[in-house]
Structure formats: structure tokens, C-alpha cells
Peer 1: 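One structure coming up, written as C-alpha cells, with questions to follow.
Order of listing sets the numbers, starting from 1, for every ligand and every atom in it. Residue indices begin at 1 and follow the sequence shown.
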Amino acid sequence: MKKLRKVLAMLLCMTLLVGCGANGAQSETGNVAQSSAVESIHESKVESGEESQTQEQSKAPESAQESEGQEPAESAEPESTEESKEPATDDVQDTNVNGEEEEMPEKFVALTFDDGPNTTIMVEILDILAEEDVKATFYLIGNNITFVTEDVVKRAYDEGHELGNHSQSHLQMDKMDEETLKQEIELVQKKVESLVGERPATFRPPYIAISQLMHDTIDLPFIVGVDSRDWDPTVTAQERYNNVIGGAQDGAIFLMHCFPGNTETVKILPAIIKELKAQGYGFATVSELFEMQGVTYEAHDGERYSVLSKQN
Ligand SMILES: [Zn+2]
């Protein structure tokens with residue numbers, strides 16, 4: 001009788017254990033389902049937040065003025081990488097004693113990114129540039145340089161990128177008086193200098209809104225550039241790629257953005273860099289490009305630089 005009780009007790013225990021296990025598994029999957037739902041809600045919130053931010057950007061008159069003369073190129077697709085590799089490498093590569101190919105670019109371009117610094121997209125772009133071993137130029141907004149972002153500014157400088165001036169407030173400057181213009185420039189010059197010990201050497205006007213008074217007052221070269229149109233959230237990654245690759249030529253300065261939420265540019269940047277490399281381009285900062293191409297800037301020269309052609 002005692003034996004039977006023992007056996008019954010054991011059976012009862014086992015049933016309970018199996019039951020527990022099953023319950024446990026069930027509630028776990030329940031939890032998993034719940035948490036992924038939470039994640040997707042979170043994601044869509046983040047996305048819509050980013051979207052409203054980029055839309056705000058696109059309302060700016062930058063759209064009208066920066067698009068001047070920039071037509072999306074139809075010819076260049078990412079698929080063309082393979083085709084274009086051949087002639088490009090013939091042009092620019094030598095073979096050294098070990099039979100290894102050494103790249104010696106004969107033509108250079110400059111990648112530029114406006115509206116930083118920040119701790120999101122600018123950091124992602126710095127990571128890509130480091131991965132690709134490419135130097136670029138960041139046009140910084142003074143108001144964005146804070147104790148939160150100053151490490152990103154220092155990192156960009158330490159990694160060999162150029163820091164340019166994109167004004168203190170990022171307001172349209174073409175209606176500003178002389179005093180305000182001087183402040184807009186000088187505040188950024190001082191902030192950058194205090195962080196990295198060097199003052200920006202080039203200037204990108206916000207929205208490419210330019211007055212004669214700006215030319216007369218600001219003694220930095222005005223950099224415009226070949227527009228990727230990446231300030232417009234409706235312009236796809238592929239179109240951004242086409243705009244850059246279609247506008248590629250020796251001395252071209254490409255205008256792109258690293259404002260928060262600009263994920264399409266992050267997405268396509270590696271492909272852009274790889275294609276430019278495949279076409280035989282080297283990468284320089286804007287100031288380096290001036291030097292390489294033999295373009296001399298005279299203060300208040302009234303020029304707007306987009307492509308720096310080689311000078312004799
Ligand atoms: Zn800007």
C-alpha cells in the first residue's frame with residue numbers, strides 16, 4: 001500500500017512538472033510576441049519622428065536654390081560599377097615590383113556633409129568614411145556644437161576631415177546686415193577653434209542663399225557644390241546615388257547632409273564611394289582640393305565654387 005502511494009505521488013509530481021514546463025514555454029512565447037510588438041511600435045514612432053524632422057528641413061528654401069542646374073542623371077546606376085572599373089583602372093593604376101597594383105588617382109573629388117554636428121547620422125557617416133579610408137568635409141552649424149556633440153567634432157578633426165563653417169544659426173543669410181553676418185561667421189570660427197585649435201577655412205551658405213553683402217563681408221570661399229538633393233526626404237537613396245555619380249568629374253565638390261534622420265544618405269554612401277573609387281577618383285577635403293587643383297582663392301572674390309577645375 002505504501003509502495004502504491006509512493007508511485008501515485010511520483011506520478012502526480014511528474015504530471016505537475018510537465019504541466020509547469022508547458023506553461024512556462026507558452027508564457028515565454030507569449031512574452032516574445034509581446035516584446036516584438038512593442039519594438040515595432042517603438043520603431044514606427046522613431047521613424048515618424050525622423051520623418052517630421054526631415055520634412056521640416058525640406059520646407060526650407062534650400063530646395064529652390066540648391067537645385068539650380070542639377071538634373072538627376074539617368075545614366076549612372078549602381079550596376080554600372082563593373083563596367084566602369086575597366087577603363088578607370090587602366091588610367092590610374094601602376095604595377096609595382098611585386099606585381100601589385102598601386103592606385104594613383106589622377107582626379108579627385110570632395111565629399112561634403114552639411115548641418116552637423118550630432119551624435120547620430122554624423123557618427124554613422126564618420127564610421128563609413130573610416131571604413132572606406134576617405135576624407136571629407138563637414139560644414140558645421142554653430143548652434144549644434146554643444147557639450148553633447150563636441151566629441152564628434154573632435155573625432156572628425158582627429159580622423160583627418162575638414163571642418164567648415166555653415167553659420168551659427170542656419171538662418172537665411174542673404175537678408176542679414178553686416179554686423180549679423182560677421183557674428184554668424186565668427187561664432188562658428190571661435191567654437192571650432194576652441195575645440196580643435198584650427199579655424200574653418202571654407203564656408204557653405206545655408207540654403208545657398210547668397211547676397212552681395214555676404215560676399216563683401218565674409219572672407220572665406222563660398223562652397224556650393226554638386227547637389228545630391230539629399231535634403232529632400234522624397235529623393236530616394238538610388239536618386240541620390242545617381243545625382244552624385246552623374247555629376248562626377250575631376251574637382252567636383254558633392255553636397256550632402258548629415259542631419260539627424262537622413263538615413264537614406266547613410267544607406268547609399270558606401271555604394272557612392274565604391275563607385276567613385278572604381279571610376280578612379282581619389283578623395284580630398286575641400287581645402288586640399290583647392291591646393292591640388294591649383295585654384296587660388298582671393299578674399300571677397302565673389303565666386304561660388306562647385307567644381308574646382310585644374311589650373312595650369
Ligand atoms: Zn544646411
Peer 1: Indicate if the distance from the Zn ion (ligand 1) to the nearest N, O or S atom of His257 falls below 2.8 Å.
Peer 2: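 Of the N, O and S atoms in His257, none lies under 2.8 Å from the Zn ion (ligand 1), which means no.
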Peer 1: Taking the side chain as everything from C-beta on, heavy atoms only, tell me whether Asn144 gets closer than 4.5 Å to Asn118.
Peer 2: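 Not touching, per the 4.5 Å side-chain cut-off.
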Peer 1: Might you work through the side chain to side chain donor-acceptor pair (under 3.5 Å) test for Arg240 and Asn262, ending with a clear yes or no?
Peer 2: CA-CA 12 Å; Arg240 295 169 191 210; Asn262 200 14; 2.7 Å; yes
Peer 1: Taking 2.8 Å as the cut-off, does Asp115 contribute an N, O or S atom near the Zn ion (ligand 1), distance below it?
Peer 2: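 Coordinating: yes.
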Peer 1: My understanding is that only residues two or more places apart in sequence, or in another chain, count here; which of them pass salt bridge (charged side-chain N to carboxylate O under 4.0 Å, His left out) with Glu186?
Peer 2: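 Partners of Glu186 under the salt bridge (charged side-chain N to carboxylate O under 4.0 Å, His left out) test: Arg199.
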Peer 1: Using the test side-chain hydrogen bond (donor to acceptor under 3.5 Å, both in side chains), find all partners of Asp151 that sit at least two apart in sequence or belong to another chain.
Peer 2: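 Asp151: no side-chain hydrogen bond (donor to acceptor under 3.5 Å, both in side chains) contacts found.
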Peer 1: Tell me the angle that NE2 of His166 and NE2 of His170 form around the Zn ion (ligand 1), rounded to 10°.
Peer 2: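 His166 NE2 and His170 NE2 form an angle of 90° at the Zn ion (ligand 1).
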